[in-house]
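Because only heavy atoms are used, hydrogens play no part in the values below, and waters and symmetry mates are left out as well, while side chains stay in. Letters go in sequence order (proteins before strands), and every chain restarts at 1.
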2 protein chains.
Amino acid sequence: MMELTRKGEYAVRGIIHLARQPYGTVVLLGEIAEAAEIPQTFLAKIFQNFAKLGFINSYRGTGGGFSLARPAAEITLRQVVEAVEGPIAPNRCVAPAGECVRSATCTVHTVWRQVQLQAQETLDGVTIEELAREESP
Amino acid sequence: MMELTRKGEYAVRGIIHLARQPYGTVVLLGEIAEAAEIPQTFLAKIFQNFAKLGFINSYRGTGGGFSLARPAAEITLRQVVEAVEGPIAPNRCVAPAGECVRSATCTVHTVWRQVQLQAQETLDGVTIEELAREESP
DNA sequence: ACCTTCAAGACCATTTTTATCTTTTTTAGT
DNA sequence: ACTAAAAAAGATAAAAATGGTCTTGAAGGT
Ligand code: SF4
Ligand code: SF4
């Protein structure tokens, strides 16, 4: 239930790889795709979207590629996940567009709301910079 | 992202309706479906599964229908949701069968694990009996 | 000019979701 | 025994989402 899609997983892996380079480094799409084991054309779509959203810069032509558009410490995991998967919502009624006629009185609604808030807080509390640091043990 | 399917939503609504009757009451599938606004044939499939799992009893023939097989206070929301949607896992690597070669060293893995634990705890902490009580305000 | 690299959009196979329909089995009541 | 009621089981299927690929075009460097 409620699983991240490949797209979401690839997006996180891709941007973390970018964040592991010195800030400002321009990296080839192909290099990121290979290192993170992501189908290149699929990652291209994801990164095109990231560029539009201002997470990364893209450069065309020889010597082109992608670089972070702002420090990894200023990008949260929630922002990345929501960029590709849409708002975090364990049920329709807690999604932005999700109306349910029962929601005003529904006892289950509040539970989904709590699950949603917990997930949002957890993902908000982690930055790409933290995730990019190599693990210690 | 990570949304409950109709099946999951129907399952919860259906069993709550059953839990609102006095314990042991046998209710027609059609009555539950109508009250909870669920396609009857779809709810039939869900309840067949619930019966197999021992949440409810089913009775065929005239005067048949469904009743809770154990008190609503002993059925948690997590049990109901996992019965229809499978284990709660925000990413493959925290699912029972989900192996990822990176999981041992992956910094993101621990975040998904935390989201998973929080959701599991929240849904574990709510019983169908609580949800079946009419809301107060 | 020419090569490199990303952008954009069309395309497509597979899987999942969301059901419906039909046939069979069980049971209660007469 | 017969009949009607009701769930069980399984086949079928439309629609949507997923997980990509392919082609063409545009921008930039040499
Ligand atoms: S949980 Fe309650 S409010 Fe949310 S969709 Fe279900 S019935 Fe509606
Ligand atoms: S979060 Fe880490 S461990 Fe989990 S699937 Fe992604 S790479 Fe693998």
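Nucleic acid contact class of B:Thr5 (heavy atoms, under 4.0 Å, all strands): sugar-phosphate only. Within 4.0 Å (heavy atoms only), B:Gly65 reaches sugar-phosphate atoms of the nucleic acid but no base atom.
A:Thr107 and B:Glu130 are not linked by any side-chain donor-acceptor pair at a separation below 3.5 angstrom, with hydrogens and angles left out of the test. For A:Thr122 and B:Gln118, the side-chain atoms include at least one donor-acceptor pair closer than 3.5 Å. No side-chain N or O of A:Glu3 forms a donor-acceptor pair with one of B:Asn91 less than 3.5 Å apart. Looking at B:Glu85 and B:Thr5, their side chains do bring a donor and an acceptor atom within 3.5 Å of each other.
For the pair B:Gly61 and A:Leu4, nearest-nucleotide mapping onto DNA chain D gives the more 5' position to B:Gly61. The 5' end of DNA chain D is approached more closely, in terms of each residue's nearest nucleotide, by A:Phe42 than by the other of A:Phe42 and A:Gly63.
For the pair B:Arg78 (side chain) and B:Glu82 (backbone), a donor-acceptor distance under 3.5 Å is absent. Panel note: side chain B:Gln116, backbone B:Val94; a donor-acceptor pair is recorded below 3.5 Å. Looking only at distances, no side-chain donor or acceptor of B:Arg133 sits under 3.5 Å from a matching main-chain atom of B:Arg20.
One finds a salt bridge joining B:Arg102 and A:Glu37 here, because a Lys/Arg side-chain nitrogen approaches an Asp/Glu carboxylate oxygen to under 4.0 Å.
Note that CD1 of A:Ile38 is 7.5 Å distant from OH of A:Tyr10, once rounded to the nearest 0.5 Å. A distance of 9.5 Å separates CD of A:Gln21 from CG of A:Leu68, quoted to the nearest 0.5 Å.
Contacts with DNA chain C (heavy atom under 4.0 Å) in residues 83-95 of chain A: A:Arg92, listed by number.
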*For A:Glu31 and A:Glu34, what are the C-alpha separation, side-chain angles and deciding distance, and is it a side chain to side chain contact (heavy atoms under 4.5 Å, CB included)?*
CA-CA 5 Å; A:Glu31 190 194 305; A:Glu34 191 180 12; 5.8 Å; no

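Computed from coordinates, the B:Lys7 NZ to C:dT16 P distance equals 12 Å when rounded to whole Å. Atom CG in A:Asn49 sits roughly 16 Å away from atom P in C:dC6 (whole-Å rounding).
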Using nucleotides 7-10 of chain C, report all nitrogen or oxygen pairs with the protein that are shorter than 3.5 Å.
from, atom 1, to, atom 2, distance (Å)
C:dA7, OP1, A:Ser58, OG, 2.7
C:dA7, O4', A:Arg60, NH1, 2.7
C:dA8, N7, A:Lys45, NZ, 3.2
C:dG9, N7, A:Lys45, NZ, 2.6
C:dG9, O6, A:Lys45, NZ, 2.7

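A nucleotide of DNA chain D counts as in contact with chain B when one of its atoms lies under 4.0 Å from a heavy atom; the first and last such, 5' to 3', are D:dA4 to D:dG19.
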